[in-house]
Enquirer: 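Got a structure for you, questions after.
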Amino acid sequence: MLIFYVGSLASLFLTSLYRLNEDGSGIEKVIGLQNYKELAHNSVYLDITLRTLKIAVLVTLLDIVLALPIAFFMAKVVSPRFRRLLVAAVLVPLWASYLVKAFSWRAIIGSPGGVLDKTFGMSPNYGEIGLVIVLAYLWLPYMVVPIYAGLERLPDSLLDASSDLGAHFGFTFRKVVLPLLMPAIVAGSVFTFSLSLGDYIAVDLVGGNTQVIGSVVFDTFSADLPFAAAFAVVPVIIMVAYILGIRRTGALENL
Amino acid sequence: MHFTRTVRVLFGTLTWLVLAFLYVPLIIVAVLSFNSVASLAWPPKGFTLHWWRLAAHSSGARDALMVSLKTAVGATAIALVLGLLAALAIHRFRFFGRESLNLMIVLPIALPGIVTGIALNAAFRQVGFAFGYLTLIIAHATFCIVVLYNNMLARFRRLSPNLEEASADLGAHTFQTFRYVTFPLLRTALLAGGLLAFGLSFDEIVVTTFAAGAGLETLPIWIFRNLSRGDQQPIVTVVATVVMVMSIIPVWIAQRLTSDDGPLTGGTR
């Protein structure tokens with residue numbers, strides 16, 4: 001199975017080197033870099049890649065901000081009994097259908113007539129901002145879980161020591177908790193970042209006209225598989241670079 | 001540990017807000033499926049079971065449900081066997097390439113679903129497999145295995161090797177030990193992992209799109225295709241609610257079965 005999976009990735013690279021035949025009716029198995037040349041020369045694809053990266057970064061930052069307080073509350077503030085319940089409460093939506101959740105947001109942020117619009121009289125509507133919110137919503141549990149696990153490993157005595165030495169809570173949080181949590185946060189970011197890079201369903205439902213890597217791959221896939229494969233290699237390269245870059249933080253043991 | 005009242009209240013409030021943020025969208029879909037007006041309009045005008053009746057009689061949705069069920073059962077069965085064996089191998093033995101194997105098994109969850117999907121699609125073409133149930137089940141099994149593997153490994157780490165040693169000391173051979181000692185201890189983890197894999201397969205859409213070919217339509221694909229059709233919208237909310245419940249219930253049970261193993265992780269898209 002594993003060989004099969006790795007083999008598939010290899011075949012993805014191989015396919016990305018093929019080209020369509022003259023009339024576009026089939027795939028010619030000739031090795032060449034023309035798909036990558038097209039990606040490099042046409043500035044549209046650079047824009048799309050940069051936009052996708054920007055969205056992935058924003059989603060990850062938003063998730064960190066949202067996940068920190070809930071993870072801290074779960075791990076350090078509440079009683080163990082209540083903690084079990086909270087952990088389950090955070091995890092269950094993670095497994096609820098991703099499509100259904102994105103679909104629901106379509107009903108929420110649509111304007112006019114969506115839930116936000118009717119309740120508060122304003123809504124981001126479909127587009128990039130809406131997309132960032134929805135993606136952050138979809139991947140939030142992936143950030144909460146590693147941060148929570150990281151906080152559980154953090155001894156309470158460190159917090160007590162800091163406050164015994166006169167530090168108020170905000171200071172302790174910034175100078176003691178955050179630095180020790182960095183590996184866990186980075187581990188969570190691997191998920192939120194990677195998932196955002198490849199998404200096209202939520203983009204289609206709430207992204208308006210926003211074009212990202214995933215939507216281009218999806219749109220070109222049936223007409224030009226080699227080109228779609230080449231563009232799908234881009235997030236792989238980004239993720240591998242990202243994972244190599246964070247290896248030193250020790251985040252990979254937290255995955 | 002002691003926190004000031006301000007800290008408790010602040011973090012408590014933020015937690016409840018985030019939980020509301022997580023749950024409100026799920027509730028909204030369910031509410032809309034009972035809306036008497038045929039659109040996504042908010043607020044709902046009245047209560048009706050009309051769409052539920054229509055959905056029950058929609059042959060497209062019913063066929064898709066059967067495809068989803070068959071796929072989920074097939075993928076879960078493969079994942080149960082291979083996930084257990086992989087976890088057993090990684091936990092029990094030290095062998096060459098063990099670390100990289102471990103990394104590679106979690107690879108499907110670190111890469112975006114669209115990459116997995118298009119990679120599998122390209123591979124099926126290279127090998128010359130016809131797209132259908134076989135390719136769909138194999139594709140789903142690749143990420144279901146990760147779930148089983150993670151769950152089994154978490155359970156193995158909690159099990160004491162003493163039990164198996166005691167069994168061996170009492171004269172049981174390897175197979176008897178596995179059958180009467182190890183397996184009963186693994187049962188709840190297997191069941192939980194199986195339920196999770198089932199739930200995951202049931203609502204997966206990205207990999208499915210690339211691995212199913214044109215003829216097969218699972219429920220999520222059916223939803224996605226009908227979303228843009230205005231007349232189908234209310235039925236879509238019903239089907240969406242069904243999919244949501246079908247994936248949440250197994251997970252809730254699984255969570256209860258393994259709450260001592262640590263949080264369930266290893267989800268994937």
Side-chain angles (χ1 to χ4, degrees), chain A residues 1-2 5-9 11-12 15 66 69-70 72-73 76-77 84 87-89 91-101 103-108 110 113-115 118 137 140 142 145 148-149 156 159-160 169 190 194-195 197-198 200-201 214 217 221 228-229 232 235-236 239 255, chain B residues 1 3-4 7-8 11-12 14-15 18-19 21-23 25-26 28-29 32 40-43 82 101 104-108 110-115 118-120 122-123 126 141-142 145 196 199-200 203 205-206 220 223-224 227 240 243-244 247-248 251-252 255 259 262-265 267 269:
Chain A
M1 210 71 200
L2 195 62
Y5 184 77
V6 176
S8 317
L9 283 181
S11 117
L12 174 71
T15 307
L66 290 173
I70 186 168
F72 190 83
F73 188 72
K76 296 293 176 201
V77 184
R84 285 257 283 275
V87 172
L91 285 173
V92 167
L94 170 65
W95 300 85
S97 175
Y98 147 79
L99 177 67
V100 174
K101 287 185 278 188
F103 170 60
S104 168
W105 278 92
R106 202 177 153 79
I108 294 174
V115 177
K118 285 280 160 136
Y137 167 81
L140 179 60
Y142 290 93
V145 169
Y148 169 74
D156 291 356
L159 302 184
D160 289 337
F169 178 76
V190 170
S194 155
L195 291 164
L197 279 184
Y200 69 90
I201 305 267
V217 171
F221 147 79
V236 178
M239 279 321 291
L255 277 183
Chain B
M1 205 172 11
F3 292 105
T4 61
V7 169
R8 282 174 175 274
F11 277 76
L14 288 174
T15 300
V18 171
L19 278 181
F21 176 61
L22 281 175
Y23 278 91
L26 301 182
I28 285 177
V29 175
L32 281 175
L40 290 180
W42 192 265
L82 295 185
L101 190 67
M104 272 193 285
I105 290 179
V106 284
L107 199 63
L111 287 178
I114 197 168
V115 173
I118 202 163
L120 288 171
Q126 296 270 358
T142 55
I145 285 176
L196 282 177
L200 202 58
D203 75 39
I205 177 160
V206 178
I223 296 176
F224 192 56
L227 272 178
V243 171
M244 184 165 72
S247 51
I248 282 187
V251 173
W252 183 255
Q255 173 78 30
S259 54
L264 304 163
T265 48
R269 287 301 145 196

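Below, chains carry the letters A, B, ... as their sequence lines are ordered, and counting in each starts from 1. Just so it is clear, the structure is predicted and the values come from calculations on it, not from any experiment.
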Enquirer: Looking only at heavy atoms and a cut-off of under 4.5 Å, which of B:L26, B:L120, B:L22, B:I223 has the most pairs with chain A?
Expert: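 The option with the most such pairs is B:L22.
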Enquirer: Determine the option with the most heavy-atom pairs under 4.5 angstrom with chain A, choosing from B:A240, B:A119, B:A123.
Expert: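 That would be B:A119.
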Enquirer: Where is the tightest heavy-atom contact between A:W105 and B:P25, given as atom of each residue plus distance?
Expert: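 Closest heavy-atom pair between A:W105 and B:P25: NE1-CG, 3.5 Å.
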Enquirer: In terms of heavy-atom pairs under 4.5 Å with chain A, which of B:L14, B:I118, B:V18 leads?
Expert: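 Option with the greatest count: B:I118.
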Enquirer: Nearest 0.5 Å please: distance from the CG atom of A:L99 over to the CD1 atom of B:I205.
Expert: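 A:L99 atom CG to B:I205 atom CD1 measures 4.5 Å (nearest 0.5 Å).
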Enquirer: Can you tell me which of A:V236, A:L66, A:I201 forms the most heavy-atom pairs within a distance under 4.5 Å of chain B?
Expert: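 Heavy-atom pairs under 4.5 Å are most numerous for A:I201.
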Enquirer: On the 0 to 90° scale, with breaks at 30° and 60°, tag the A:F72-B:F11 ring pair as parallel, tilted or perpendicular.
Expert: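 The rings of A:F72 and B:F11 sit tilted, inter-plane angle from 30° to 60°.
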Enquirer: Can you confirm whether A:P235 sits close enough to B:V115 that some side-chain heavy atom of one is under 4.5 Å from a side-chain heavy atom of the other?
Expert: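 Side chain of A:P235 against side chain of B:V115, heavy atoms only: contact under 4.5 Å found.
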Enquirer: Is it the backbone or the side chain of A:Y137 that comes under 4.5 Å from a heavy atom of chain B, or both, or neither?
Expert: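 Interface part for A:Y137: both.
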Enquirer: If you look at every heavy atom in B:I114 and A:G198, which pair is closest and at what distance?
Expert: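 Of all heavy-atom pairs spanning B:I114 and A:G198, the closest is CG2-O, 3.4 Å.
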